Protein chains: 2
Amino acid sequence: MRPGDAPDQDTVENGPSRRSLLRGGALVGAGVVGGGVIGSFVGRAVAAPPSAKGSREPFYGLHQTGITTDTQRNTVLAAFDLKSDRVADLAALLRDWTKLAAELTTGSSNTVPMYSSNDAADRNAYADATQPSTTDDSLEAYLLGPQRLTLTVGFGRSLFVDPDGQDRMGLKAKLPPALAVLPHFPGDQLTAADSEGDLYLQACADDPQVAFHAIRSIARIAPDVAALRWTQLGFTPTNDAGTPRNLMGFKDGTVNSNVHPPADLDATVWAGSEGPAWMRGGSYLVYRRIRMALEHWDRLAPSSQEQVIGRHKLSGAPLGGHGEFSALDLSAKTSAGDPVIPQTAHVRLASPQANNGAVIMRRAFAYNNGTTPFTERWPPWRQSLEYDAGLLFLAYQKDPRTAFVPINARLAENDAMNEFITHTASAVFAVPPGATQSGDWIGRTLLT
Amino acid sequence: MRPGDAPDQDTVENGPSRRSLLRGGALVGAGVVGGGVIGSFVGRAVAAPPSAKGSREPFYGLHQTGITTDTQRNTVLAAFDLKSDRVADLAALLRDWTKLAAELTTGSSNTVPMYSSNDAADRNAYADATQPSTTDDSLEAYLLGPQRLTLTVGFGRSLFVDPDGQDRMGLKAKLPPALAVLPHFPGDQLTAADSEGDLYLQACADDPQVAFHAIRSIARIAPDVAALRWTQLGFTPTNDAGTPRNLMGFKDGTVNSNVHPPADLDATVWAGSEGPAWMRGGSYLVYRRIRMALEHWDRLAPSSQEQVIGRHKLSGAPLGGHGEFSALDLSAKTSAGDPVIPQTAHVRLASPQANNGAVIMRRAFAYNNGTTPFTERWPPWRQSLEYDAGLLFLAYQKDPRTAFVPINARLAENDAMNEFITHTASAVFAVPPGATQSGDWIGRTLLT
């Protein structure tokens, strides 16, 4: 079955999902309807109130959302380890994930009344290990509205093959060559516990509690089947001041970004006929958590920072250019004969011109994990408490082998910015095509 | 000198601050004015643009802001270790902190043009350890506006006395008795590296990048004098849906909160004549980072959660009450003779009625530090990867010895919620009165 085909109803919806069965028990009895009035209520079908906050991103479509979608204010990224090697378990999980994800993006499940009573009969049920792991909506996002929530699902290479390359669960033949193992890049200091994973779930929303609520809700469906491996929070600044600035203070997203996306997404972002049919309309995500040595960066004069980046800090114009969107003039020389954009400038080394036209589409968030003791690899060498903050680099592309890998190889060797950044986490995921309509599910093209 | 008096100009502004001296050098030369036009520019006095985002909180006043101020969307808390034992260094630091804090809250320093040129002469200055540690604004909050930024400064007990109780830097005689050492409470699992500190700086704003920019900017003034000890980020959900909900899904702030503050702040929050004169108009902050075992909480039926809290989840009404703001009826009995609000319910044990009228004013944020391996102290006992998320409890009060300490002692012993929460960080700070006008500085009442 190819994306775009109508799903087989027998396959897709052969009875109520496990989640709705689990949830059913909790809904017998009383409920609550707004404003403190305790009343009798059965069921879940309550529409979002007319004053619902934030707008709603469509969930269904050929492509998953959260890729080209305008960047939201907040993200929670999550990776999961699959605790089962049965394809049927994975398929059931993904059906439930998709169904709940669609509900969450409408904001409607945020308005579901809860079972509520003074009956203390189940007071001790907590200690009963046989109790279902889901009760009902945890309510912390109640009435907050859709907040442009998007949920994006991906598959790690470890879903297809074991570390020794053996077939894990009968999916090896479907492993896309583009779901590659990244090489070790110079300077990488990757933390395994914050990297990779069998499954990926990316929540983006204009409210931090809505984004986390989505991850938490989906993670609750079947923690015995998919257990959290890592989560990472990110944010963007208020986004009505033009291209947002990263924590280095520079505009980030002028090119190669969903803020100003490549003209031809089919040529750069979406998987096509070059790979397995089940991935058509999908994309490949390379995630890198990039720590910035902000204390060191802040000691560098802004004029020198501009030499590192290759752009002016305030305007975002390339050195030698006249505005943010001026083309890079990589051949321009100063009167002394030096390149106007230095050989080691970040924008030069990352440019399509310097990479045989290779293009990625970044979806960037800042992150700030507080302060941690670090040992610096550049002078002044020291061990001290420093910010663990920087950039969540989420690059979507048609094929990492011809996009992220060659670009980052070049950057890792020569980028002047390396003095101020360290890649501390990494993952690659195949992000399959979207669920095309209600009843369809993400992963159907792989698993049926 | 008492708060409210005009500051002595000789004392307050005897020459340019160290920071402005340091900064002077960076401003010789060219600058940039909007839109990519590179021009000649000297100075800092650029007004916020007419389209400045968010509104502005006043900085100067008898009380510091960020205490009773309506809770903003984001916070970054920071504690510092003072690296000097000279009162003169501390006074100079606090003068500079105050001056920059006032600037930051106007949003105007976010619009300061940067020195910007293609001159590579200072390219290697980074390796020069004698270079000033501040250059100029790091620009990541450029044009984002004031965003209701507040900055609140506090003093830890360790500023006054060494761990062995000896005078640290001549301030012991001014140690307020209310700046108490907290007892160990049952269940405390405090991480020393995330607790206490000589100095406290609380940034709250409606934008995460603006809040962090403020901490980062102030921390850059003199890292050799005040070095970061810990930072902690927090957030609140979109705040137009009534009393915000915490990550347990319950409304948090119905009472004892700046959302609905106590009627008589002088009697509950602000320090008065009962303590040292230098603290009049100040307050005492007790900070606790409270992890919630969300995975376990989510397994508890909502009706049982309500027995733990003592309120209805959806409405926020106390059990037996009819609306969020109903008074607690602690004597109400069910027909079976049991208390309607259980003896171990959180709201009963935290109520003024149960604590001889003791009142605190909480300023609550959610926090989410990702996922971490935890060992649970309640069944089902296990070690696993769990959310490190919960509540930043910021309680302001006139005297912790008669407010937080007795209330929390009662909670730590008997609160049913203890099964689902763990206090993992703690600090107490004396938050002095505000700077009353330009030229005045926070800490003047202590140090002059």
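Please read these numbers as outputs of a predicted model, since none were measured by experiment. Letters go in sequence order (proteins before strands), and every chain restarts at 1.
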*Could you tell me which portion of A:Ala193 (side chain, backbone, both or neither) has an atom closer than 4.5 angstrom to a non-hydrogen atom of chain B?*
neither

*Which atoms of A:Asn368 come close to chain B, meaning under 4.5 Å heavy atom to heavy atom: side chain ones, backbone ones, both, or neither?*
both

*Can you tell which part of A:Leu228 gets under 4.5 Å to a heavy atom of chain B, answering side chain, backbone, both or neither?*
both

*Which distance, rounded to the nearest 0.5 Å, do you find between the CD of A:Gln305 and the CG of B:Leu139?*
8.5 Å

*Could you look at B:Ala219 and say if it's the side chain, the backbone, both or neither that has a heavy atom under 4.5 Å from chain A?*
side chain

*Would you name the heavy atoms of A:Asp137 and B:Lys313 that are closest together and state the gap between them?*
O-NZ, 4.2 Å

*Which heavy atom of B:Trp230 sits nearest a heavy atom of A:Leu385, and at what distance?*
N-CD2, 4.2 Å

_If only side-chain N and O atoms count, and only distance matters, is there a donor-acceptor pair under 3.5 Å linking A:Asp207 with B:Thr238?_
yes

*A:Gln209 to B:Arg245 - nearest heavy-atom pair and separation*: NE2-O, 2.7 Å

*Calculate, to the nearest 0.5 Å, the distance between atoms CG and OG1 belonging to A:Asp194 and B:Thr371 respectively.*
7.5 Å

*Can you name the side chain to side chain contact (heavy atoms under 4.5 Å, CB included) partners of B:Leu294, sequence neighbours left out?*
A:Phe212, A:Arg216, B:Leu247, B:Met292, B:Tyr387, B:Ala389

*Closest-packed option against chain B by number of heavy-atom pairs under 4.5 Å, given A:Pro342, A:Gly249, A:Gly370*: A:Gly249

_B:Pro223 side chain reached by A:Arg299 side chain, heavy atoms, under 4.5 Å_ = yes

